[in-house]
Amino acid sequence: MTAAELANRFDHSTESLHIIQRWDDAKCWHAEVNTDRKPFSVVIPPPNVTGALHLGHGLNNTLQDIIIRMKRMQGFETLWMPGTDHAGIATQAVVERRLREDESLTRHDLGREKLVERIWKWKDQYETRILGQLKRMGCSCDWDRVRFTMDDQCAAAVRATFFDLFSKQWIYRGKRLVNWDTFLQTAVSDDEVKNVSIKGHFWHFRYPVIDPRAGDPSHVEIATTRPETMLGDTAVAVHPNPAKALDEVEKELLQKLKEANEKDADEIQSQIDSLQARRKSMLPQLEHLAQMASEGRMLRLPLVDREIPLIADVWAKPELGSGCVKITPAHDPNDYEVGLRQDLPMINILNPDGTINAEGATYEGLTIKKARVKVVEDLEAAGLLGDIEDRDIELPTSDRSKTPIEPFLADQWFVKMQDLAQTAMDAVIDERVEIFPTRYRKGYLDWLGEKRDWPVSRQLWWGHQIPIWSINDLTDEDGNELIAKIRELPQYASGNIKEQLSESEDATFEVAVCIRDEDAETESAIEALGLVRDPDVLDTWFSSALWPHSTLGWPANTPELEYFYPTGTLITSRDIITLWVARMVLMGLNNLDEIPFHEVYIHSKILDGQGETMSKSKGNGVDPIEVIDKFGPDALRFGLAYLATETQDVRLPVQYECPHCSKTIEQTKKNRSAPTVPCKACGGIFSTQWAESEADKAHPKGAVISERFETARNFVNKLWNASRFTLMNLEGYQAQPVEYASLGLEDQWLLSRLSSVTKTVTESFEHYRFADAARTLYDFAWDEFCSFYVEISKPRLDDPETRARTQSVIAHALDTLLRLLHPIMPFVTESVWSHLGEAAPVRGLASPVQANEFTMLADWPTANESHHNENIEKQFREFAEIVGAVRKIRSSQNIDRKDVVPIAVRCTNESAQRLQPMKPSLESMAACELRTLGPQAGPFEVDAPSSLSSLDIDVHVDLEQFIDIKAELGRLEKLLDNTVKMITAKEKKLANENFVSRAPAEVVDKERESLGDLVKQRESIAIDIKRLRSRM
RNA sequence: GGGCGAUUAGCUCAGUUGGUUAGAGCGCCACGUUGACAUCGUGGAGGUCAGAGAUUCGAGUUCUCUAUCGCCCACCA
């Protein structure tokens, strides 16, 4: 195909698939251990197989690919490790929901094996889709090395790690209050719990005092937002010294009042007033109750008819409610602490499914909701119900199942964090691991600093099953005997088994063993001894924490591990710094005694038009494929890189594209949650969601896109057409050395700019300033390469004198531009590159060389410092400003595009000499005819002048044939007005003694000089105005 | 409650160490299809840089306070 036959638009839809094929055929993305080169590696933050990727992933992976592609071009042996995460609870939750909605089945109907089978199918389906999305985005992962957090290699790493921690006695089992998801029937971590504000009530109850003495109240009043938990109450607490506690609160308030501003003061004052009122009305009674508590007096818990103590504990705040608080240690985190402190019984009243168990007496079998109603009713009937207040309640809700969380006492496995956390803190403190932007260090260090043990067991079926076999309730003797038997097993000698013996609270023994390597024989030997495998699986972050080394083959000591570990950079989003990044650091250090990566870059987040994060559940998630279909993969990538600045999250207003008429409809909170939306333009109904069931497919899906990618798409097109121009003009191109000194001003200017741009872009990428790099390239390519160099080159290419050198320069410039743009826009650059390879296979200035077949594998440009020349750039600016000045006058005079205007340019002899060779370009770009150039060039009879600020140049346009005096007068008067304003401002500034004496001389001189120029301009404008007026 | 970030044109965002007249894209207005590009070109309109105060000869930029928005962490019987 000849250059002239290329379409005037880049056909991304067919071309990008073709290019992916070429990269695949040549395996351009593949990395091997190669000791001749330096390695550079990145592990992908493995996307969850929960669902398809959205634009947040789009950004994350674009940024990684940019770094990877640049490093590859810089000559590193570059590995980008791809893969996906099994995402335990999240994936099981979606599959279970689907099961329930489509087949009305629960996981228990299916059984563990069948459910896990289903989830594997889901995983296969979404893994394929996710990897396909990444490929279409152009991600240059090593597709021969795709991993999954639950594949055999990762599983082996999980077992080895767990075994090691178990051997170090950093794994232990404990009863802990966990966040229980009654729908999924599993504990979820604190991070998976979100508080939702709802309207609720605050119920007041009265518990009778047993055998009240003289002066005792007959009842103690407490209040709760969760009435049903009273079934598990094991005490009521009152503050041991309410007077003192009230004093302290008052003192605090008074202190606050002192510091408060006027507005808050009223509020605080009223708090103090009510506190004092409370002291008056309630203190004697509270003190009496505290006294009763110290005497060990008992209360009768209604409904279940249990005797519970009145205790003294500081948890009871005398300034709140009745001053007394019910204690339910098994179902409330704070009460749990009180329970431990006061050695109270802990009564769990719930079954795992959220119904009341046998401890709840007659309420057994009721759901929490029903039990709540009945408890209130029964208390009312018993005359023990007090006031009911309305109240806003922060309800802890499972992020996974969207159902309320019940605090629940359960057995869980924990990892001790004391030592592990410290190592990960040290790595960041001494900057072996650097986090960018640095403000994220604090969160990382604070979180690790708490050194809270990590609960790692999950009551799920999807995940790495905990490799622990155990048996409980052994006598001292049996326990020791069992241990002896275990130690006699042949596998014990080979180090595959580690045992642990521990005494539990009731003085019976528990034996637990951990098996390192998966091995049926060992497992059955252990099971033959009566031990049973723990049904729980590990927290999904456990396997993710190993990702940088498990993917490289650990625990085997593979050459890849040796060569590619530690990895170079981790690129991720801020919400998993603690959950994932911190844990990778500590696990890497634990397993290999080496950090997992040198640098961490935290990028911004993508928000929708309302400023909310994108998520599938909100319906505002954008599938990168929909953007690619409409705008192309390069536009997607460039658009994201261009918008992703360091401090700002990217707000991306989102539209639906009507599948019937292709019009776009702005997405709103309202229409995004609707399943179908009518098109405003054509009235056609379309669906806003991916069809999940047959019924949903009644209406075609409207693609969710964002017009923010239009700019980027246009840029791709601009580049494509500038390339097309170049290719069309390379006919007869001969590779030959070009001497710098023989080049024209415009050539030298372009090379100088190219040198700066190369430097800026390289530095920007290396410092993760993606938006800076994208902007620099956009501005250079559009405003300098296209608008100036290409335009100037037109007459040059027509002139046999200058054609050859211009071909060399433009081919070289395009070549460099393609390389620089390649990491951001791999497709269009690769496409142009292959055409350029046909037209000019050997390129370069001083010593042309054969270009690589792929841009992707070409060398990264290095800035040629000797080409950088400020003076050339300044001289070129003279030319550029003259063009601008003529165009401005033409436009204000409404001169027809086809009419050529005569001009004169007054300037120094020096400038004239430089500008003379630019004459053809000046004339073609400004549609003018340069009549005179030099110190003598003066105004025409009918003249439109323009003084170029800070340059000693005046441009004159001969308006004899075109004059629109009124328009020209208007232009000049406006100009004069502006000039006068600036003069006034500057005069004022220079009259300021302080400025003149204190500002650096440089700055003052500059001001004086510019004032002088302005005054000259003002005079010449005034003269022109006068002359024009005389002609009216 | 603690921490972090943001607030610049109608919209989405740049603005390096304080220094001429605060920029870009989209949108808007006017003109224009000349052989790279109408996904384009040329020109234009549009901003008291959230508010107040401080430092300075000089503040979008530094400091303090206030307001609004967002995120993270903790807590709320």
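Below, each value reflects all heavy atoms present in this structure, side chains not excepted, and no hydrogens, waters or symmetry copies. The sequence lines fix the lettering, A, B, ..., with proteins before strands; numbering per chain opens at 1.
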If you check every side-chain atom of A:R452, which of B:A36, B:C26, B:A74 has the closest atom? B:A74
Could you give the CD1-to-P distance, from A:I388 to B:A77, as a whole number of Å? 17 Å
In A:K326, A:H331, A:E406, A:R372, the residue satisfying side chain to side chain donor-acceptor pair (under 3.5 Å) with A:T229 is A:K326
Among B:G3, B:U12, B:C37, which nucleotide sits nearest the side chain of A:K442? B:G3
Using ring pair (Phe, Tyr, Trp, His ring centres under 6.0 Å) as the criterion, list what pairs up with A:F205, not counting sequence neighbours. none
Select one nucleotide: of B:C37, B:C11, B:A74, the one nearest the side-chain heavy atoms of A:R724. B:C37
Value in whole Å for how far the P atom of B:U21 lies from CD1 of A:I983: 12 Å
For the NZ atom on A:K759, are there more than 12 heavy atoms of other groups (residues, nucleotides or ligands in this structure) within a distance under 6.0 Å? no
More than 12 non-hydrogen atoms from neighbouring residues, nucleotides or ligands closer than 6.0 Å to CD on A:E766, yes or no? yes
Salt bridge (Lys or Arg N to Asp or Glu O under 4.0 Å) partners for A:K718, two or more places apart: none
Euclidean distance for P, B:U39 against B:G47 (whole angstrom): 30 Å
Donor/acceptor link under 3.5 angstrom from A:E450 side chain onto base of B:A74: no
Taking the side chain of A:R574 as heavy atoms from C-beta outward, which of B:C71, B:A36, B:C13 is closest to it? B:C71
Quick check on RNA chain B: between A:W720 and A:I895, whose nearest nucleotide comes earlier from the 5' end? A:I895
Non-neighbouring partners of A:H201 that pass ring pair (Phe, Tyr, Trp, His ring centres under 6.0 Å), sequence neighbours left out: A:W203
Taking CG from A:D779 and P from B:C13, how many angstroms apart are they, rounded to a whole number? 18 Å
Once you measure the plane-to-plane angle for A:F785 and A:Y789, does it fall in the parallel (<30°), tilted (30-60°) or perpendicular (>60°) bin? parallel
What residues, two or more places apart in sequence or in another chain, satisfy salt bridge (Lys or Arg N to Asp or Glu O under 4.0 Å) together with A:D783? none
Strictly below 4.0 Å, heavy-atom distances to any atom of RNA chain B: list the hits from residues 222-230 of chain A, or just say none. A:A223, A:T224
Indicate whether OP1 or OP2 belonging to B:A36 is found under 4.0 Å from a side-chain N or O atom of A:K794. yes
Is A:E763 touching bases, backbone alone, or none of the nucleic acid, heavy atoms closer than 4.0 Å? nothing
Across the strands shown, which category fits A:Y440 at heavy-atom distances under 4.0 angstrom: base, sugar-phosphate, nothing? nothing
Spacing of the C1' atoms in B:U66 and B:A24 (rounded, Å): 32 Å
Starting from P on B:G35, measure out to CG on A:L730 and report it in whole angstrom. 20 Å
Expressed as a whole number of Å, how far does the P atom of B:U20 sit from that of B:U16? 12 Å
Which whole number of Å gives the distance between the P atom of B:C49 and that of B:G10? 13 Å
Would you give me the side-chain donor-acceptor pairs under 3.5 Å for residues 708-716 of chain A, sequence neighbours excluded?
none

Start at the 5' end of RNA chain B and walk down; is the nucleotide closest to A:L607 or to A:C324 reached first? A:L607
Using atom C1' of each nucleotide, how far apart are B:A36 and B:U68 to the nearest Å? 49 Å
Looking at residues at least two apart in the chain, or sitting in another chain, which of them share a ring pair (Phe, Tyr, Trp, His ring centres under 6.0 Å) with A:Y207? none
For RNA chain B, just give me the dot-bracket, please: Watson-Crick or G-U, both distances below 3.5 Å, ( ) intra-strand, [ ] crossing earlier pairs, | paired with another strand, . unpaired. (((((((..((((.....[...)))).(((((.......))))).....(((((..]....))))))))))))....
With sequence neighbours left out, what residues match A:E987 under salt bridge (Lys or Arg N to Asp or Glu O under 4.0 Å)? none
Annotated protein contacts, base or backbone, on nucleotides 39-46 of chain B with a non-hydrogen cut-off under 4.0 Å, one of B, S, - each: BSSSSSS-
What's the OH-P distance between A:Y444 and B:C73, to the nearest Å? 17 Å
Tell me what A:R651 touches on the nucleic acid: a base, only sugar-phosphate, or nothing, going by heavy atoms under 4.0 Å. sugar-phosphate
With sequence neighbours left out, write down each residue that passes side-chain contact (heavy atoms from CB on, under 4.5 Å) with A:K442, or none if nothing qualifies. A:D446
Could you check how far CD of A:E731 sits from P of B:A36, rounded to whole Å? 14 Å
Separation of atom CZ in A:R441 from atom P in B:G5, rounded to whole Å: 14 Å
Mind checking the P distance from B:U8 to B:G43? Whole angstroms is fine. 28 Å
What's the gap between B:A74 and B:C69 when it is taken at their P atoms, as a whole Å value? 23 Å
How far, in whole Å, is B:U17 from B:G27 if one measures between their C1' atoms? 35 Å
Mind calculating the distance between CG (A:L797) and P (B:A36) to the nearest angstrom? 10 Å
When every non-hydrogen atom of A:R724 is compared with those of A:A7, the smallest separation belongs to CD-O, 3.3 Å
Suppose we screen for salt bridge (Lys or Arg N to Asp or Glu O under 4.0 Å). Which residues come up paired with A:R775, at least two apart in sequence or across chains? none
